[in-house]
There are 2 protein chains.
Amino acid sequence: MQRRNPASRTGRPRSAAADTAILAATRQALVDLGWSGLTLSDVAVRAGVAKTTLYRRWAGKNELVVDAVAELFDELTLPDRGSLAADIEGVVLQFAAILARPEARSGLMAVVAEATRDEALRERVRASIVERQKRLVVAGRARAQERGELPPESDAARSARAVDLIFDMVAGSVVHRTLVSNQPADEEWVHALTRVLLSGLAAGTR
Amino acid sequence: MQRRNPASRTGRPRSAAADTAILAATRQALVDLGWSGLTLSDVAVRAGVAKTTLYRRWAGKNELVVDAVAELFDELTLPDRGSLAADIEGVVLQFAAILARPEARSGLMAVVAEATRDEALRERVRASIVERQKRLVVAGRARAQERGELPPESDAARSARAVDLIFDMVAGSVVHRTLVSNQPADEEWVHALTRVLLSGLAAGTR
DNA sequence: GCATTACGCTACGACTCGTAGCGAAAGCAC
DNA sequence: GTGCTTTCGCTACGAGTCGTAGCGTAATGC
């Protein structure tokens, strides 16, 4: 617990290999057992570590799964496809591909559900998962402004609200399509989504 | 189990009062304990019935919570506010009000998460919850066509895809705003959402 | 009355949880 | 090398939950 000191280096260091093994084992357990079937004892066996090691690093199942799922979103990038519409479609397709994986499907909604009653967990989800996605919206918006596809932001607060709205619309639509409606967010669907979104935003800024 | 017969009436009938008491107790348990803290034993005590009665009527926690949450969406109606934009805003505000309630917040995402690994549960969620929301989109669209705000549907398949897209965008955005971003879907936000959505759709049908 | 089904209650084995305790291992300072 | 410190693996534990079985009782249709 006392890792507070900036360079508190004495004693046996924690195994970094164990961390990656545990997170990978957690994702595999999500695939095999789902959220409700996942137990920390099982993850420990899969990862080849003792159960007590898990409890020394994570407070419980919620925190562990958040970290395990968050890593899935590391691969999200903002490819430069030449236009705002193409950029959005590219990112959304990446996002949809992640949400198509069973470890994301089982884990993501579960931690969001748990976070509704746990302030600390909600903050962890926000910092580890949501922000990781949101920065792409900010970056895409900035790039579109450089290209002249969007007007430069005048009011900071107004701009922040616009980013929030876009983010909730994009992420929410894809999540709902994938996990609730249970249908693939394929290229055709993503194209239609992007068209509605960009037309609406263009009309709004007029 | 043998309720197959259309009017298989022999023996003591099931208490309808128990059903409503159990579902109400389930929602209250979601408020007090959240999804992970909810146990069927606890619900039974709250409802004043025996635990075995619960197991006679529902296969498990998942199915019970789906039914309990589904009832929350019964109050959704499509008020005639005079224009498509106003109608949408009215429904979305109702939807947001439901999602602001803790029993919906805790329960809805949890059952969606569980449904990712349970085909039967997914179908139950679709029939009990999703369809209940989706019919409002269909009805609102039909009313807008009567008003002349939207062109009459030419291709059935094309129309179905449009309804699906709109539904995922509306429901997904509100859910994401409320449960993930954890910010209120108030009138201002709903108004901005509706504006983007309708502008985008109008541009698309041109 | 009789048959049938639902109900309340108790008890049960199986399982999971999170923690405590202990000896061994792996680093750092000297 | 010798200590010091922290992590690790392992075992064991009480507490709590799960879902079911068994049994006597209550409520309906015939």
Side-chain angles (χ1 to χ4, degrees), chain A residues 1-26 29-30 32-66 110-111 114 117-118 120-121, chain B residues 1-26 29-30 32-66 110-111 114 117-118 120-121:
Chain A
M1 287 295 180
Q2 284 75 355
R3 294 153 62 205
R4 287 286 150 269
N5 238 328
S8 73
R9 294 293 168 277
T10 177
R12 177 175 176 173
R14 287 193 172 173
S15 163
D19 262 348
T20 62
I22 290 169
L23 291 175
T26 302
L30 280 175
D32 296 343
L33 309 169
W35 163 266
S36 58
L38 182 148
T39 69
L40 292 200
S41 306
D42 182 81
V43 170
V45 173
R46 289 170 185 261
V49 301
K51 186 174 63 164
T52 43
T53 299
L54 278 173
Y55 282 101
R56 289 190 187 100
R57 304 187 182 198
W58 284 276
K61 182 170 163 174
N62 293 342
E63 290 76 9
L64 174 62
V65 173
V66 170
V111 294
E114 289 299 310
R117 291 187 44 81
D118 184 336
L121 186 64
Chain B
M1 286 296 181
Q2 282 76 355
R3 293 154 62 205
R4 287 286 150 269
N5 239 328
S8 73
R9 294 293 167 277
T10 176
R12 176 176 178 176
R14 286 193 172 177
S15 163
D19 261 348
T20 61
I22 290 169
L23 292 175
T26 303
L30 280 175
D32 295 343
L33 309 168
W35 163 265
S36 58
L38 182 148
T39 70
L40 293 200
S41 306
D42 182 80
V43 171
V45 174
R46 289 170 183 263
V49 301
K51 186 173 63 164
T52 44
T53 299
L54 279 172
Y55 281 101
R56 288 192 188 100
R57 305 189 183 198
W58 285 276
K61 182 169 163 175
N62 293 341
E63 290 76 10
L64 173 63
V65 173
V66 169
V111 294
E114 289 299 310
R117 290 186 46 80
D118 185 336
L121 186 64

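Numbered from 1 within each chain, the chains take letters A, B, ... in sequence-line order. For clarity, every value in this text was computed on a predicted model and none was experimentally measured. Heavy atoms only: backbone and side chains are in, while hydrogens, waters and symmetry mates are out.
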Student: Angle between the end axes of the helix from dG1(C)-dC30(D) to dC30(C)-dG1(D), five pairs per end, to the nearest 10 degrees?
Tutor: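 End-to-end axis angle for the helix from dG1(C)-dC30(D) to dC30(C)-dG1(D): 30°, rounded to 10°.
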Student: Choose from dG9(D), dC18(D), dG18(C) the nucleotide whose nearest atom is closest to any side-chain atom of Lys51(A).
Tutor: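 Within the option list, the nearest is dG18(C).
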Student: Tell me the interatomic distance from Trp58(A), atom CH2, to dT19(C), atom P, rounded to whole angstroms.
Tutor: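 Nearest whole value for this atom pair: 16 Å.
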Student: Not counting sequence neighbours, which residues clear side chain to side chain donor-acceptor pair (under 3.5 Å) with Thr53(B)? List them please.
Tutor: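 Expected list: none.
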Student: Of the non-hydrogen atoms in Leu40(B) and Leu54(B), which two are nearest, and what is the gap between them?
Tutor: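 That closest heavy-atom pairing would be O-CD1, 3.1 Å.
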Student: Provide the closest heavy-atom pair for Leu38(A) versus Lys61(A) in the form atom of the first, atom of the second, distance.
Tutor: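 Closest approach of Leu38(A) to Lys61(A), heavy atoms only: O-NZ, 3.0 Å.
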Student: Could you tell me how far apart Leu54(B) (CG) and dC18(D) (P) are, to the nearest whole angstrom?
Tutor: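 That distance rounds to 11 Å.
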Student: Spell out protein contact along nucleotides 21-30 of chain C as letters: B when the base is contacted, S when just the sugar-phosphate is, - when no protein heavy atom is under 4.0 Å; keep the 5' to 3' order.
Tutor: ----BBBS--
Student: State whether Thr39(B) places a side-chain N or O below 4.0 Å from either non-bridging phosphate oxygen (OP1 or OP2) of dG16(D).
Tutor: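 Negative; the distance criterion is not met.
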Student: Starting at CG of Leu30(A), measure out to CZ of Arg117(B) and round the result to the nearest 0.5 Å.
Tutor: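 Rounded to the nearest 0.5 Å, the CG-CZ separation comes to 9.0 Å.
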Student: Please state how far atom OH in Tyr55(A) lies from atom P in dA20(C), giving the value in whole angstrom units.
Tutor: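 Those two atoms, OH and P, are 13 Å apart.
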Student: Report the distance from atom CG of Asp42(B) to atom C1' of dC18(D), rounded to the nearest whole Å.
Tutor: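 Checked: the CG to C1' distance equals 14 Å.
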Student: When rounded to the nearest 0.5 angstrom, what distance separates CG in Leu64(A) from OH in Tyr55(A)?
Tutor: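 The OH atom of Tyr55(A) is 10.0 Å from CG of Leu64(A), to the nearest 0.5 Å.
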Student: Rounding to a whole Å, what distance do you find between Arg14(A):CZ and dG9(D):P?
Tutor: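 Rounded to whole Å, this separation is 12 Å.
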Student: Expressed as a whole number of angstroms, how long is the span from Glu63(B):CD to dG19(D):P?
Tutor: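 After rounding, the gap between these two atoms is 10 Å.
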Student: Could you state the CG-P distance from Leu40(B) to dT17(D), rounded to the nearest angstrom?
Tutor: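 From Leu40(B) CG to dT17(D) P: 12 Å.
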Student: Identify every side-chain donor-acceptor pair in residues 45-52 of chain A under 3.5 Å, counting partners at least two apart or on other chains, and give the distances.
Tutor:
from     : atom 1 : to       : atom 2 : distance (Å)
Arg46(A) : NE     : Asp42(A) : OD2    : 2.5
Arg46(A) : NH1    : Asp32(A) : OD2    : 2.9
Arg46(A) : NH2    : Asp32(A) : OD2    : 3.3

Student: Mind listing the closest non-hydrogen atom pair of Glu114(B) and Trp35(B) along with its distance?
Tutor: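 Looks like CG-CZ2, 3.8 Å.
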Student: Using distance only, find each side-chain donor-acceptor pair of residues 18-26 of chain A under 3.5 Å and give its atom names and separation, not counting sequence neighbours.
Tutor:
from     : atom 1 : to       : atom 2 : distance (Å)
Asp19(A) : OD1    : Arg57(A) : NH1    : 2.8
Thr20(A) : OG1    : Ala17(A) : O      : 2.9
Thr26(A) : OG1    : Ile22(A) : O      : 2.7

Student: Between atom CD1 in Ile22(B) and atom C1' in dC7(C), what is the gap in whole Å?
Tutor: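 Ile22(B) atom CD1 is separated from dC7(C) atom C1' by 11 Å.
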